[in-house]
Amino acid sequence: MACLTSAIEPLRAANEIAGEEAFRWKILAEDDAPIASSAGVCFAPDLRLAEATGPETALDHVFFVASPDGCFEDPIKANAALQRHLRAGGRIGAFSGGIFPLARSGLMAGQPMSVHWCYEAAFQAEFPEIDILQTVLSDQGACQTASGAAAVFDLMLNHIEARLGPAITTETACWFQHPFVRGASVRQKLPALGNAASHDMLPPKVAQAIEVFARHIEEPIQISAVAEEIHMSSRSLERSFKRATGQSPLKYYRQMRMKEARQLVLYGRDSITSIAYTVGYSSPAAFQRHYREIYGISPQKERQAKTSLKITDDSVLPSM
């Protein structure tokens, strides 16, 4: 819902500021049924996807807005509609979790995508052939992707600037107290685990150690080897981590592995045993024990709970 409104609202404001209907939008879906967001708020589609694509509609963009497990009920028919849109010169993109059904469509094969950090592990596991960008936006070829709701707002501001110029764009951003317009070169902000800092606020040596950890999720590395790689003593690294994050490097490293595992549990399709091996555990039992210690629930039960509470959201939003 946040991605949907972050796409519509800046376009609405730009129209009002410019005094013209520079932008129009419709909510598309496979059928006429209301679409439930993850917040439980429903949206009524304006058109069916099959009715809204092709040369006669002149859509500029179709964006997927969906949960990571979203998929079309009739993929062949939906893909045919999207292919008509592409042949007519339109572009396709996705917001946040919508990159999953976009990638499953196979229409954007070979196109890099901006993937929100909370989905990166699951997306990489399902689509190893797609290049993942850690920027807030990507705008390459026929594909535009935005990693989250605020990034969607930035993407729309970029569209406004291209259509109406920088003055209207600045006023639109100021209407919403949006601090600045980010482009495709800006990297995502990542939270540091266990405290209120973001990754870019950490001391350089601690940040370097975390980068080493990230390269060794599947094949764990000893803390002493990490310290040696970044030219520190193990003791100094321990002290630096505790000052910066409030925890030891070993505990932080384990949390990183569990964080990636949780993405795979919630958004991936691999078995729990396979996930345990993916995040560097030789024993699935040890993996499950550590998972329960951190999240208070077993990976099996958390996956089952998510499945039972799943709200299907297979909507697409075109901006025209």
Side-chain angles (χ1 to χ4, degrees), residues 1-4 6-7 25-39 42-43 45-53 59 61-86 90-133 137-149 151-152 155 263-264 266-270 303 306-307 309-319:
M1 186 172 69
C3 288
L4 180 67
S6 291
W25 49 88
K26 298 285 185 183
I27 297 177
L28 309 183
E30 284 188 270
D31 54 40
D32 298 324
I35 306 158
S37 72
S38 54
C42 292
F43 296 86
D46 299 302
L47 290 170
R48 294 186 181 188
L49 177 62
E51 301 168 345
T53 53
L59 295 181
H61 300 273
V62 173
F63 293 105
F64 285 63
V65 185
S67 61
D69 46 10
C71 57
F72 288 113
E73 290 184 7
D74 189 341
I76 295 175
K77 187 175 180 180
N79 277 15
L82 293 167
Q83 286 169 345
R84 289 196 299 272
H85 167 72
L86 289 169
R91 300 182 73 187
I92 289 180
F95 304 152
S96 192
I99 57 169
F100 284 82
L102 174 60
R104 289 178 192 127
S105 75
L107 295 172
M108 294 291 104
Q111 292 284 343
M113 295 186 186
S114 175
V115 180
H116 193 290
W117 55 265
C118 76
Y119 299 138
E120 185 175 345
F123 190 85
Q124 188 171 49
E126 187 172 349
F127 309 106
E129 74 283 0
I130 295 178
D131 289 336
I132 291 176
L133 302 178
L137 306 172
S138 65
D139 185 2
Q140 300 188 26
C143 184
Q144 287 186 321
T145 52
S147 57
V152 173
L155 179 60
Q263 290 184 33
L264 296 169
L266 294 177
Y267 310 120
R269 300 179 176 183
D270 293 339
R303 176 174 277 182
K306 179 180 181 295
T307 301
L309 293 174
K310 178 190 171 187
I311 300 175
T312 302
D313 180 9
D314 300 331
S315 57
V316 291
L317 163 73
S319 71

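Heavy-atom basis, side chains included; hydrogens, waters and symmetry copies ignored. Note that this is a predicted model, so its numbers are computed, not measured.
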Test side chain to side chain donor-acceptor pair (under 3.5 Å) applied to Thr145 - qualifying residues, sequence neighbours left out: Ser138
Min side-chain heavy-atom separation Ser105-Asn79 under 4.5 Å: yes
Point-to-point distance, once rounded to the nearest 0.5 Å, from CG of Asp139 to OG of Ser114: 11.0 Å
Derivation of the side chain to side chain contact (heavy atoms under 4.5 Å, CB included) call for Trp25 and Asp46: CA-CA 9 Å; Trp25 49 88; Asp46 299 302; 5.9 Å; no
Backbone N/O of Ile132 and side chain of Gln124: donor-acceptor pair under 3.5 Å: no
Test item: Cys71 and Phe100 side chains (from C-beta on) under 4.5 Å apart, heavy atoms: no
Interatomic spacing from CG in Leu49 to CD1 in Ile27 - rounded to 0.5 Å: 13.5 Å
Value rounded to 0.5 Å, distance of CZ in Arg48 from CG in Asp31: 6.5 Å
Least distance between heavy atoms, Ala122 atom then Gly268 atom: CB-N, 4.0 Å
Nearest atoms (heavy-atom pairs only) where Gln144 meets Phe63: OE1-CZ, 3.6 Å
Side chain to side chain contact (heavy atoms under 4.5 Å, CB included) assessment of Phe127 paired with Arg104: CA-CA 9 Å; Phe127 309 106; Arg104 289 178 192 127; 3.6 Å; yes
Minimum heavy-atom distance between Cys118 and Tyr267, given as atom pair plus value: O-CE1, 3.7 Å
Distance in Å, Ile130 CD1 paired with Leu102 CG, rounded so as to fall on 0.5 Å steps: 7.5 Å
Working for side chain to side chain contact (heavy atoms under 4.5 Å, CB included), residues Trp117 and Ser147: CA-CA 8 Å; Trp117 55 265; Ser147 57; over 6 Å; no
Donor-acceptor contact below 3.5 Å, side chain His85 vs main chain Arg91: yes
Interatomic distance, Tyr119 atom OH to Ser67 atom OG [nearest 0.5 angstrom]: 8.0 Å
Leu86 side chain near Met108 side chain, heavy-atom distance below 4.5 Å: yes
For Ala81 against Ala50, the heavy-atom pair lying closest together: CB-CA, 4.1 Å
CG-CD1 distance between Leu4 and Ile35, expressed to the nearest 0.5 angstrom: 8.5 Å
Main-chain N/O of Ala125 paired with Arg269 side-chain donor or acceptor, under 3.5 Å: no
Closest non-hydrogen atom pair, Cys3 against Ser96: SG-CB, 3.8 Å
Any donor-acceptor pair under 3.5 Å from Gln111 side chain to Cys143 backbone: no
Closest approach of Ser37 to Phe43 (non-hydrogen atoms, all atoms of both residues): CB-CE1, 4.1 Å
Exam field: side chain Gln263 to backbone Glu120, donor-acceptor pair closer than 3.5 Å: yes
